[in-house]
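What follows is one structure encoded as structure tokens, with my remarks underneath.
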Amino acid sequence: MSDESADTHDPPLFEAAADDAGDGELSPGLPRLPTGVEGLDHILMGGLVKGRTTMALGTSGSGKTLLSSQILWNAVQRGEPAVLVTFEEQAMDLIRNVQTLGWDLGAAAKTGILQLVDASPDPHTLTPTGAYDLSGIILQVQAAVKERGAKLVVLDSLGGLFTQFDDHGALRREIVRLRDTLRDLDCTTLMTAERLREMGAVSQHGVEDFVADCVLILRQTLANERIRRTVQVYKLRGDRHRHGEYPFIIAAGGETAQPDGMHNGIVVMPLSAARLSQESISQRLPFGNEAFDEMAGGGLFQDSVVLVSGPTGSGKTLLCSTFTAHGCENGERSLYLSYEESRPQLGRNATNWGYDFTRWEADGLLKIRSEYPENRGLEGHLYEIRRQIELFRPTRIVIDSISALERVSTARTFREFLIGLSSHLKRERICALLTATSPHTVGPGGQVGAHISTLTDAIVLLRYLEQEHEIGRGLAIIKMRGSQHDKRVRQFFIDDSGFHIGESVDDVANLIGSIPA
Amino acid sequence: MSYRFQLFVTGSSPLSLRAREHVSRHLAEPLGDRAEIEVIDLIADPTVARRERIVATPTLVRLEPSPVVRLIGDLTDFERVRTLVLVGGDHPLLNPGGGESGPGEAGAAPSSTERPSSSPPRS
């Protein structure tokens, strides 16, 4: 059937605009049933189309069953009766598997709000002795729906039917009949089915995309020796949706696990949530250094994302510590995410400059998290950053450094990460310093600047300068959105009391180098 | 009573009618009072389908003698049905045509691992 490519690889990187005239809140044409899966409702523009069938397709291990369980769990948590039909796994096995995520589908089944229909292979059933249909299962589903008036039905997975029954013609016919039955019952249906490969034909049994009004494709690919998971709305009959593949992560356990399980499971990172035209606020935040605030025209904007770029040892971490400390001194919460230096290292440096990080941590004004970039994929990092923000509600945040994160990703993923990160920071109205290490100690800066310059509101450059047979340091603000700023290169000194900004430096060539402002 | 069967059908669909006809011709009539045959209409009570986990219809279940055997389809291939459901019971009828010997004849010991693939039809 349709093997016109579902695989628009490479989709454009930043394609929010296309079908996105409005934002997610714009009421879509067809009524939706929210999935409650973070990010998924955004790309589906509200959720599953009510009263219709959605098909989730993916290779083995791509997260189909997890997705369906999560949607079920969210529905029963909202008090909406639902039906789970299993064709492959025994229902009780499935329930056991998702228990670790905090989703107690077993309890839901006991109360009856979740009705189970177990159509997994029956060891007693022998091969057919003539023609048959699937009226049995259709009647079972019907009865299960009517039991509590369920509005959501999940069928996982159709592949199980195709291995149990070999009259595939009859199966296709019956799957269509099942769909129609559920539509007549006004049920919103989610079916899952296997794909054998990540690319190529959408449909394996010749019915999957044809039977459904909406098709989701879950993919897992290897990128940088790491599994990258994405979800794509392949089609949505009769209504709008967001195009492209969206990365998702599977959050389970760990520090961010929630006892109610509401934050576990699949989290889609919808990059098209990024709005470059977000309204900005004009409130300024003092940096913690008068001369710097003066250069910046009165401080950084409250909701701005600032890139600090410079070679190793040029003073980036000092700048970040100063910014962090000033927040804490003013009673604002600051979050410091370090991907290069350990917590003790950071604390030692800060102590040298007279900042008592330990006390602020104890006062709940400062949270420092130190993590290896290699610990997870960038989707995972982005999720973790969002969770930390949610838990700590900081006014200031430092991410030191994003070039360490860039090291563990592909260019495309990194750019997506930056879009997702900066839009999230803006939405949360957090003033952020992101540092980038430029590879050259003198002269033009590194690649990060080029990637990120359009996504940041301000860029602060730190460079070594060779002047009259002496190495000095220079600082320049090369961009500041929405404000006048000092465009000169200023001398930059570091001593025991922190950093100081001096006179402007003349005769500096090639400081900015290749970075577009 | 040697045999107990349940036949699950859905109203008077063509498949159901055919299955009922095969059951009455090939099981009910020849077995007479050696068989108890119950025909259950799932349309009349869909909760039975859930309780009995009926997926495909028609489904013929042999409850006795053990082991339980479930067959799906309209039973058109009755030679196969015969070898599958009559084995293990009181089975003079395994061989109604006179030309064949029933597969259960010699080693009628009920085997729960019996699969159609392991009992090729006699000819």
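Within every chain, numbering begins at 1; the chains are lettered A, B, ... in the order of the sequence lines, protein sequences first and strands thereafter. Note that the structure is a prediction, hence the values are computed from the model and not measured.
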Exercise. First locate atom OH of A:Tyr132, then atom CG of B:Asp74, and finally report the distance between them rounded to the nearest 0.5 Å.
Key: 11.0 Å

Practice problem: Run the numbers on B:Leu42 and A:Gln140 for side chain to side chain contact (heavy atoms under 4.5 Å, CB included), then give the verdict. | Solution: CA-CA 9 Å; B:Leu42 299 174; A:Gln140 281 200 56; over 6 Å; no

Self-check item: Test item: B:Arg50 side-chain N/O and A:Leu116 main-chain N/O as donor-acceptor pair under 3.5 Å
Solution: yes

Quiz item: Closest heavy-atom contact between A:Ala131 and B:Pro58?
Solution: O-CD, 4.1 Å

Exercise. Quick one: which of B:Thr47, B:Leu75, B:Thr76, B:Ile43 has the most heavy-atom pairs under 4.5 Å with chain A, could you say?
Key: B:Leu75

Self-check item: Point-to-point distance, once rounded to the nearest 0.5 Å, from CZ of B:Arg53 to CG of A:Asp122
Solution: 5.5 Å

Quiz item: Between B:Val48, B:Thr10, B:Leu15, B:Asp77, which shows the greatest number of heavy-atom pairs under 4.5 Å with chain A?
Solution: B:Leu15

Quiz prompt | Heavy-atom pair count under 4.5 Å with chain B, highest-scoring of A:Asp133, A:Leu134, A:Ile137, A:Leu139 | solution = A:Asp133

Self-check item: A:Ala144, part contacting chain B, at a heavy-atom distance under 4.5 Å
Solution: both

Quiz item: Do side-chain atoms of A:Thr129 reach the backbone of B:Ile72 as a donor and acceptor pair under 3.5 angstrom?
Solution: yes

Self-check item: Side chain, backbone, both or neither of A:Phe165 within contact of chain B (heavy atoms, under 4.5 Å)
Solution: side chain

Exercise. For each of A:Val141, A:Asp118, A:Val117, tally heavy-atom pairs with chain B at distances under 4.5 Å, and name the one with the top tally.
Key: A:Asp118

Self-check item: chain B contact via A:Glu174 - which portion, at a heavy-atom distance below 4.5 Å
Solution: neither

Quiz item: Of the listed residues (A:Gly130, A:Ala119, A:Ala170), which shares the most heavy-atom pairs with chain B below a 4.5 Å separation?
Solution: A:Gly130

Exercise. Could you check which of B:Val68, B:Ile54, B:Val61 has the highest count of heavy-atom pairs closer than 4.5 Å to chain A?
Key: B:Ile54

